[in-house]
S.K.: 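Input: one structure, supplied below.
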Protein chains: 2
Amino acid sequence: MNIGEVATASGVSAKMVRYYEHVGLIAPAPRTEAGYRVYGQREMHLLQFIRRARDFGLPMERIKQLVALWGDDNRASRDVKRLALQHVAELRSKVAELNAMANTLKELADQCHGDSRPDCPILRDLSGNEHRVTQVPKTGRGFRDRLAG
Amino acid sequence: MNIGEVATASGVSAKMVRYYEHVGLIAPAPRTEAGYRVYGQREMHLLQFIRRARDFGLPMERIKQLVALWGDDNRASRDVKRLALQHVAELRSKVAELNAMANTLKELADQCHGDSRPDCPILRDLSGNEHRVTQVPKTGRGFRDRLAG
DNA sequence: GATGGGGCTTCCCACCATGGGAAGGTCAAG
DNA sequence: CTTGACCTTCCCATGGTGGGAAGCCCCATC
């Protein structure tokens, strides 16, 4: 398979296939005389595997570890399970955090008239009222950064 | 206040204060003869406001709108409420999505022996078994992108 | 008055995963 | 042989943030 074929078959763009090779996530593909990358079924499956792991929201670092286990016939399922459960725990904690944000914001919105008057408790709260309804993380960085890890 | 002072007082780094000015989120600060930026209480509060909105996970685009409303004495609370509820809805849908991922991964992990044997349903599933336990989005991009979008 | 240190300025670089696009080589179908 | 689709490498942009360099400025201390 050419890179375009393996891209279509695996659902990973050709750009990303080259990128994954570049950063060492997948082994350098053998080349034809003209320099074209050549892939087989195994590489196609590996790329599908990576794409699914991405869909699960797994960070690249963890995917690297899983890829290593994937290619290792002597792996222990313990290691795989550990990585998976670690990610489950992180997802759960992010869920809790986002829920807290949503709840706080919802409560504030409920207290807002929502009419043509300018007075609004949402802006008052954002402007520095310390009587928070729900705990919001105090770190300087937004949750997206922590999600992106 | 100098930029360093307003940074400390607001909890936004000096770098980010310049960045916010650069991208038009805050108005260009007046300068001393030597070119130093000068800030007052109002700017400090605005920066606190922005930082809090970031802590809430609000995307920059929405923060821009809120900042405009914040500085507008004639604003309608309706507009603020609409933006807040919009963000609540998005947070809730992200929560649901992350929960689905966590559930699927958890179920797979539960089916994994977790011992020294190599066989593991997690890797089998990631490798292309289509009998998904829980719906996972089929888009090619991971959830982080959608979250950040 | 000179000197030193810390703060300010601008500008460039890096991150990460991804896409866009240009310039140039290759392959296959007509 | 031509044409068009595909491949190659290389550079650039994103967005929010930090790091750092080069150079200017201000204040305090000697």
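These values consider heavy atoms only, across backbone and side chains, with no hydrogens, waters or symmetry-generated copies. So you know, we letter chains A, B, ... as the sequences are listed, proteins then strands, and number each from 1.
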S.K.: I need the CE-P distance between A/M1 and C/dC27, as an integer number of Å.
M.R.: 19 Å
S.K.: With hydrophobic residues grouped by side-chain heavy-atom distances under 4.5 Å, do A/V17 and A/Y36 end up in a single group?
M.R.: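 Not linked; separate clusters.
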S.K.: For A/K15 and for A/Y36, locate the closest nucleotide of DNA chain C by heavy-atom distance; then report the residue assigned to the nucleotide nearer the 5' terminus.
M.R.: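 Final value for this comparison: A/K15.
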S.K.: Report which part of the nucleic acid A/T32 touches: base, sugar-phosphate, or nothing (heavy-atom distance under 4.0 Å, all strands).
M.R.: nothing
S.K.: Could you tell me the separation between the CD atom of B/Q41 and the CD atom of B/Q48, rounded to the nearest 0.5 Å?
M.R.: 9.0 Å
S.K.: Report yes if some heavy atom in the side chain of B/E43 is under 4.5 Å from a heavy atom in the side chain of B/M1; otherwise report no.
M.R.: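 Sidechains of B/M1 and B/E43: no contact.
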S.K.: Are B/E90 and B/R62 close enough for a salt bridge, meaning some N to O gap below 4.0 Å?
M.R.: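 Yes.
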S.K.: For B/E33 and A/Y39, find the nucleotide of DNA chain D closest to each by heavy atoms; which residue's nucleotide sits nearer the 5' end?
M.R.: A/Y39
S.K.: Could you state the CG-P distance from B/N2 to C/dT9, rounded to the nearest angstrom?
M.R.: 7 Å
S.K.: In whole angstrom, what separates A/E21's CD from D/dC7's C1'?
M.R.: 13 Å
S.K.: Heavy atoms under 4.0 Å, any strand shown: does A/R18 hit a base, just sugar-phosphate, or nothing?
M.R.: base
S.K.: Take the protein atom CD1 of B/I3 and the nucleotide atom P of D/dC24, then report the distance between them rounded to whole Å.
M.R.: 20 Å
S.K.: Would you mind telling me which of D/dG16, D/dC25, C/dG21 lies closest to the side-chain atoms of B/A34?
M.R.: D/dC25
S.K.: Please report, rounded to the nearest Å, how far the P atom of C/dC16 is from the CG atom of A/L25.
M.R.: 13 Å
S.K.: Does D/dT17 have OP1 or OP2 sitting under 4.0 Å from an N or O in the side chain of B/S13?
M.R.: no
S.K.: Just how far, in rounded Å, is P of C/dG20 from CE of A/M16?
M.R.: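 Between P of C/dG20 and CE of A/M16: 13 Å.
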S.K.: How long is the line joining OH of B/Y19 and P of C/dT10, in whole Å?
M.R.: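 After rounding, the gap between these two atoms is 16 Å.
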S.K.: Side chain of A/R31 only, please: which of D/dT17, C/dC8, D/dT9 is the nearest?
M.R.: D/dT9
S.K.: With respect to the side chain of B/M60, which nucleotide from D/dT8, D/dG16, D/dG18 is positioned closest?
M.R.: D/dG16
S.K.: For B/G4, is there any backbone N or O sitting under 3.5 Å from a side-chain donor or acceptor partner on B/N2?
M.R.: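 Flag not set: sc B/N2 to bb B/G4 has no pair under 3.5 Å.
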S.K.: D/dC6, OP1 or OP2 - any side-chain N/O from A/R37 closer than 4.0 Å?
M.R.: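 So the side-chain polar atoms of A/R37 never come under 4.0 Å of the phosphate oxygens OP1 or OP2 of D/dC6.
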S.K.: Atom CZ of B/R62 to atom C1' of D/dG15: distance rounded to whole Å?
M.R.: 17 Å
